[in-house]
Visitor: 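My questions all concern the structure below.
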Amino acid sequence: MSESGTLTNGEVARVFERIAGIMEIQGENAFKIRAYRNAVETLNTLPEPIAQVAAAGRLDDIPGFGEAIQAKVKDILATGTTALYERIKDKVPDGVVEMLSIPGLGAKTVRQVWEGLKIESIAALEIAAQSGKLTELPGMGEKTVQKILQSIERYRRYSGRIRIGDALPLAESLISAIQNFPVVSEAHIVGSVARGRETVANINLAAAATSPAEALQGFTQLPQVSSIVSQDERSARVVLHGGMEADLFVAAPDEFAELLDERIGSAAYNEARRAQTEVSADLLKQVPMEIRENGGEIEAALAGTLPTLVTLADIRGDVHAHTTASDGKVTIQQMAVAAKAHGYEYMAITDHSQSLYIANGLTPDRLRAQIAEIRALEDSLGIRIFTGSEVDIKADGAMDFDDDLLQELDIVIASAHMHNNQDKDAQTKRIIKAIENPNVDLIAHPSGRIINRRDPFDFDFDAVVAAALRTDTALEINAAPERLDMSDVHARQAGAAGVKILINTDAHSIENYDLMRYGVLVARRAWLTPHNVFNTRPLAEFEAWLHR
DNA sequence: GCCGTTTTCGGCCCGACTGTTTTCAGTCG
């Protein structure tokens with residue numbers, strides 16, 4: 001644990017996460033545990049550094065931060081730990097707490113595995129599962145063991161890759177510090193973060209410096225840095241607080257263009273570029289960073305057919321958002337004001353439908369009251385507010401509201417949140433049935449994946465694209481960094497087929513509107529232009545499509 | 001542990017799914 005006074009929100013959150021995990025295994029009060037987990041969630045989504053909030057004496061303003069959690073935040077910021085954690089940390093081994101991150105393993109099972117079989121790590125759990133020892137436990141059958149083995153495999157596959165939503169802000173904080181070094185004339189994020197990949201293994205940065213040695217020295221001494229892995233005359237690799245690795249590559253100013261050229265594209269891109277002798281450096285400069293993946297961009301540059309990719313400035317509306325009526329954090333009015341502040345011409349309120357109890361989904365009566373509320377508010381706010389709903393797709397593909405209610409809404413978003421373990425054929429039919437409902441305008445987060453946590457469900461994407469095209473139904477690029485769904489690959493396929501694509505943040509708070517840029521990154525990686533992304537259209541044209 | 005004009009205690013998101021259980025516990029969203 002770092003002793004410095006500049007702990008990140010993520011580091012503070014990790015202490016609370018460990019506390020919650022230990023308490024959970026010890027069977028403490030579930031609500032107490034939830035209070036800590038809520039604090040973790042809050043810290044991970046807080047729009048400013050918790051150290052700054054604490055320094056300004058504003059911890060009390062954070063919802064869910066009461067007396068006890070505030071005191072612990074202060075402890076952790078000052079000392080890297082807190083008395084409660086020091087008292088309980090040795091009661092449960094770290095490896096046992098880590099087992100909680102295996103999907104399908106809850107606190108009760110972990111405790112049983114630990115106390116019953118003396119298993120104290122995921123590796124030991126895997127061996128016990130393979131040898132059949134695990135089935136000695138009561139309630140532990142062959143199917144459960146197989147599920148655990150699959151979960152361990154998936155956990156291994158996911159770990160080590162950081163989501164772009166975590167990596168990009170960290171890269172930006174490093175680059176702005178580096179740009180302030182007197183010897184540095186220019187510095188940029190490069191590598192997979194610059195290309196906007198959905199997950200990255202590390203952060204790569206490049207700087208032009210009159211004194212490379214001084215620039216590297218400054219880099220390794222930044223407060224974000226926890227330790228130095230390696231260093232030579234032209235580069236340094238460090239580990240950041242939180243465990244991510246970051247590399248800085250340095251060149252003299254007159255050699256910097258060449259360095260950037262080498263460090264932005266993927267390995268496949270660099271290889272293809274070297275093989276193409278007729279392509280000039282000037283021509284390659286026109287290739288947008290995000291598509292330097294050897295996916296046809298070099299050929300397009302040569303042919304003069306590079307796309308003009310969609311930008312954040314092209315977006316005119318964000319039409320997927322939640323309020324306190326379901327699981328959002330603020331009111332209709334606050335969301336509308338925030339959307340207007342983002343320069344949008346239109347937005348939509350799309351709270352969850354009745355079946356999603358966990359998110360306090362709206363009943364038909366509550367939704368009708370909300371429609372009236374929006375109509376009464378809209379004129380005073382200076383932004384077009386579409387009435388809408390994020391309606392659950394039921395197991396058989398039917399919508400969670402009757403058609404007469406759906407017809408009363410400006411926009412209907414269909415989402416598969418539940419019943420997603422059906423076989424490929426059934427799942428595909430179900431999504432297509434939703435697409436074919438004439439009231440449905442958009443399919444949200446089509447694959448249902450949660451990056452690093454849940455695989456996409458099994459469905460026939462080709463058939464979904466064909467159905468969307470046939471019915472003029474849009475498909476979403478959900479910009480939430482844990483979703484980014486459609487993926488870049490699916491979005492490119494859908495865009496090339498001519499399907500309307502909307503990029504939405506699925507905002508549950510005002511701050512969430514800022515996540516739009518991650519959705520735009522996905523769209524750019526998918527070669528999408530403003531023509532493909534329909535929420536770049538002016539209000540009249542967008543509205544005409546909704547009422548088609 | 002947090003929260004609150006039904007405030008200083010008693011609630012706190014609640015139903016579905018899965019596998020194993022013989023009537024339900026654990027996990028998840």
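Each chain gets a letter, A, B and so on, in the order its sequence line appears, and its residues count up from 1.
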Visitor: Which residue lies toward the 5' end of DNA chain B, A:Phe65 or A:Asn421, if each is placed at its nearest nucleotide?
Guide: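 First, find each residue's nearest nucleotide; the 5'-ward one identifies A:Phe65.
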Visitor: Take atom NE2 of A:His322 and atom P of B:dC13, then tell me their distance rounded to the nearest Å.
Guide: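 About 18 Å, once rounded to whole Å.
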Visitor: Please report the distance separating the P of B:dT20 from the corresponding atom of B:dG26, rounded so that it comes out in whole Å.
Guide: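 Each nucleotide's P atom is 14 Å from the other's.
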Visitor: Round to the nearest Å and state the distance from A:Ile148 atom CD1 to B:dT18 atom P.
Guide: 16 Å
Visitor: Salt bridge between A:Arg449 and A:Asp455, side-chain N to carboxylate O under 4.0 Å?
Guide: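 Salt bridge between A:Arg449 and A:Asp455, a charged N being under 4.0 Å from a carboxylate O: no.
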Visitor: A:Phe31 side chain: which of B:dG19, B:dA16, B:dG1 is closest?
Guide: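 That would be B:dG1.
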Visitor: May I have the distance from A:Asp327 (atom CG) to B:dC14 (atom C1'), rounded to whole angstrom?
Guide: 14 Å
Visitor: Can you tell which of B:dG15, B:dC17, B:dC28 lies closest to the side chain of A:Pro103?
Guide: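 Of all the options, the side chain of A:Pro103 is nearest to B:dC28.
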Visitor: With side chains defined as the heavy atoms from C-beta onward, is the minimum distance between A:Phe534 and A:Leu442 less than 4.5 Å?
Guide: no
Visitor: Please give, in whole Å, the distance from B:dT20 C1' to A:Glu142 CD?
Guide: 13 Å
Visitor: Ring centroids only, cut at 6.0 angstrom: are A:His322 and A:His320 within range, meaning strictly under it?
Guide: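 Under 6.0 Å, so yes.
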Visitor: For the C1' atoms, the ones on B:dC2 and on B:dT7, what distance do you get once it is rounded to whole angstrom?
Guide: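 Approximately 13 Å lies between the C1' atom of B:dC2 and that of B:dT7.
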Visitor: Among the nucleotides B:dG19, B:dT27, B:dG1, which one has an atom lying closest to any side-chain atom of A:Thr144?
Guide: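 Among the listed nucleotides, the one closest to the side chain of A:Thr144 is B:dG19.
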Visitor: Out of B:dG1, B:dT20, B:dG15, which has the shortest distance to the side chain of A:Asn29?
Guide: B:dG1
Visitor: Expressed in whole Å, how much space separates the C1' atoms belonging to B:dT18 and B:dT23?
Guide: 15 Å
Visitor: Whole-Å distance between B:dG29 P and A:His445 NE2?
Guide: 13 Å
Visitor: Are the side chains of A:Arg368 and A:Leu405 in contact, using a 4.5 Å heavy-atom criterion?
Guide: yes
Visitor: How long is the line joining OH of A:Tyr36 and P of B:dC3, in whole Å?
Guide: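 In whole Å, B:dC3 P lies 13 Å from A:Tyr36 OH.
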Visitor: Is any NZ, NE, NH1 or NH2 atom of the basic residue among A:Lys108 and A:Glu24 found under 4.0 Å from an Asp or Glu carboxylate oxygen of the other?
Guide: no
Visitor: Which base sits across from B:dA25 as a Watson-Crick or G-U pair, both distances under 3.5 Å?
Guide: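 For B:dA25, the partner nucleotide comes out as B:dT18, under the 3.5 Å rule.
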Visitor: As a test of reading the structure: which of B:dG29, B:dC12, B:dG1 is closest to the side chain of A:Ile358, going by heavy atoms?
Guide: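 From the listed options, B:dG29 comes nearest.
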Visitor: Which of the following nucleotides, B:dG1, B:dG26, B:dG15, is nearest to the side chain of A:Ala68?
Guide: B:dG1
Visitor: Taking the same atom, P, in B:dA16 and in B:dG4, what whole-Å distance lies between them?
Guide: 30 Å
Visitor: Measuring only the P atom in each nucleotide, how far is B:dG29 from B:dT21? A whole number of Å is fine.
Guide: 24 Å
Visitor: Mind calculating the distance between CG (A:Leu134) and P (B:dT20) to the nearest angstrom?
Guide: 11 Å
Visitor: Could you tell me whether A:Lys429 and A:Asp460 make a salt bridge, using a distance below 4.0 angstrom between a side-chain N and a carboxylate O?
Guide: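 No, this pair does not count.
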Visitor: Taking B:dG19 as the reference, what is the distance to B:dC12 when you measure between their P atoms (whole Å, please)?
Guide: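 Each nucleotide's P atom is 31 Å from the other's.
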Visitor: Please report the distance, rounded to the nearest Å, between CZ in A:Arg454 and C1' in B:dT27.
Guide: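 It works out to 14 Å between those atoms.
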